[in-house]
Amino acid sequence: MDNGTRALVDTAAITAVLTDYCRYLDRMDLEALGALFTIDCRVIYGPDPRLAAVGRGALVASLARMWRWKRTAHHLANVRIWIDGDTARAESAVHAWHEAADGSDAEIFGLYHDRLVRDGGDWRIAERRMEMTGSRGGFRVPIPPAPRAAPPAGWRPPEGLDG
Amino acid sequence: MDNGTRALVDTAAITAVLTDYCRYLDRMDLEALGALFTIDCRVIYGPDPRLAAVGRGALVASLARMWRWKRTAHHLANVRIWIDGDTARAESAVHAWHEAADGSDAEIFGLYHDRLVRDGGDWRIAERRMEMTGSRGGFRVPIPPAPRAAPPAGWRPPEGLDG
Amino acid sequence: MDNGTRALVDTAAITAVLTDYCRYLDRMDLEALGALFTIDCRVIYGPDPRLAAVGRGALVASLARMWRWKRTAHHLANVRIWIDGDTARAESAVHAWHEAADGSDAEIFGLYHDRLVRDGGDWRIAERRMEMTGSRGGFRVPIPPAPRAAPPAGWRPPEGLDG
């Protein structure tokens, strides 16, 4: 396998890891989800201590919180991967729909920032950090906002575009 | 072409088939959609007889039901493909937005479970089965729910995470 | 690198360009976004003159209008790419969520139709045209509707599927 093919194969393998996270989370197969992370992974959905985990076991235990939703749908998009030998960085976006026990729903648009490592034959997530672009429907988990540049001084909205 | 490249080419071709299903359905180009399936395909959106079709012709005829919506947008995500020679399995997620004639809208978050075959030079869907993770806005088509593990005995929701 | 691998590498590079457009737009990094387009690009979001730009500088200037939203999330899906030597066509779908200053939100489901060129070592968008499949929440930017075939004469909706 030449280097070009190798990079494509690694990219596909890492994309599968990021995808399986969403698939396993929606089925609440937390053991399978845990195996996507290194044993000593660090995962930070937000600064609240309940939203951080060190180690695969702690991550699996903490994600049991997702059972407070009746159902969820995590759809991945905008995947970008940068490989450097046996490590990689990835950024991806998630549209996460959540249905509460009372039938109401809440959505977030989030970003995952990951560091992955080649661990034996498999790529695994060693570090995951989450940011949130936006939310709807009263989602109140304190995930930090994704950065967005401010308009230049003196910027004014265009007239009449939305009215 | 080596085996690694061949697997990547096949994966890309199958992804294109799954993507084109969404594209053709949103434009209601049902002839083009039909050609993505084998002549003797079996498609089951749900146990209701109106939601199942045997054969490409029956599938195309039954999908004419989508004209009851004014417009739709089917966005594919979370694509996973497992190839075994001239057959393949695929799983993917769809966010399907539907606008009714009265301007109201309804959404579903669904899963497609597919079996594909290499049919001449092309991959085609031989079997498709759908499940639904959730819905919003009064979508009432009886698509079966996707399985989700139940919490372990004694599980209790975390305090205060949502407000 | 053989031809099969070359096509896969080009496809991945073009997908990255389409993805980065969404990423940079959500962070309002308009300089980085501009570099995804050729210097003499033509971008038409709709027939309204405020929705068209000729040249990278004009595009960057015109996209400053996105600051009228407090936050946005552009999630790409359904990417299809057809390469022909040093040019390519692409079609992709976007789910674009927008939060207004008053906290309300609006969404569109859109299509991007692109022509790309190999420009030095990089693929860049030379032409982008947008269509809209649907919208929700009072999005009123006049993006043209995507075509959808009409039902055949005499078509009638199925009984009882949605009620």
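Below, read A as the first sequence line, B as the second, and so on, with proteins coming before strands; counting in each chain starts at 1.
Of residues 16-24 of chain C, those residues lying under 4.5 Å from chain A by any heavy-atom pair are C/A16, C/T19, C/D20, C/C22, C/R23.
Comparing A/I81, A/L111, A/V94, A/N3 by heavy-atom pairs within less than 4.5 Å of chain C, the highest count is held by A/V94. In terms of non-hydrogen atom pairs under 4.5 Å with chain C, the most contact-rich of A/E107, A/R136, A/R156 is A/R136.
Of the two parts of A/P147, only the backbone, made up of N, CA, C and O, holds a non-hydrogen atom closer than 4.5 Å to a non-hydrogen atom of chain C. For A/A146, no part lies near chain C; criterion is any non-hydrogen pair under 4.5 Å. Interface remark: C/W97 contributes side-chain atoms only to the contact with chain A (heavy atom separation under 4.5 Å). Interface residue A/A150: only backbone heavy atoms are found under 4.5 Å from chain C. When heavy atoms are compared at a cutoff of 4.5 Å, A/D2 approaches chain C solely by way of its side chain, counted from C-beta outward. For C/A64, the parts lying near chain A are the backbone and the side chain together; criterion is any non-hydrogen pair under 4.5 Å.
A salt bridge links A/E91 to C/R27: one of the charged nitrogens lies within less than 4.0 Å of a carboxylate oxygen.
Scanning all heavy atoms of the two residues, the minimum distance from C/W67 to A/A149 falls at NE1-O, 2.9 Å. Closest heavy-atom contact between C/L76 and A/A77: O-CB, 3.6 Å.
More than 12 heavy-atom neighbours from other residues, nucleotides or ligands sit within 6.0 angstrom of CG on C/D102. Around CZ of A/R65, the count of heavy atoms belonging to other residues, nucleotides or ligands within 6.0 Å exceeds 12. Atom CZ of C/R118 has more than 12 heavy atoms from other residues, nucleotides or ligands within 6.0 Å.
No donor-acceptor pair under 3.5 Å is formed between the side chain of C/D105 and the backbone N or O of A/G134. Side chain of C/R68 to backbone of A/P157: no donor-acceptor contact under 3.5 angstrom is found.
In this structure, NE2 on A/H75 lies 11.0 Å from NE2 on C/H95, to the nearest 0.5 angstrom. Interatomic distance, CE of A/M132 versus CZ of C/R71, reported as 6.0 Å (0.5 Å rounding). Atoms CZ and OG1, on A/R148 and C/T72 in that order, are 5.0 Å from each other to the nearest 0.5 Å. Put simply, CG on A/L8 and OG1 on C/T11 are 9.5 Å apart, with the number rounded to the nearest 0.5 Å.
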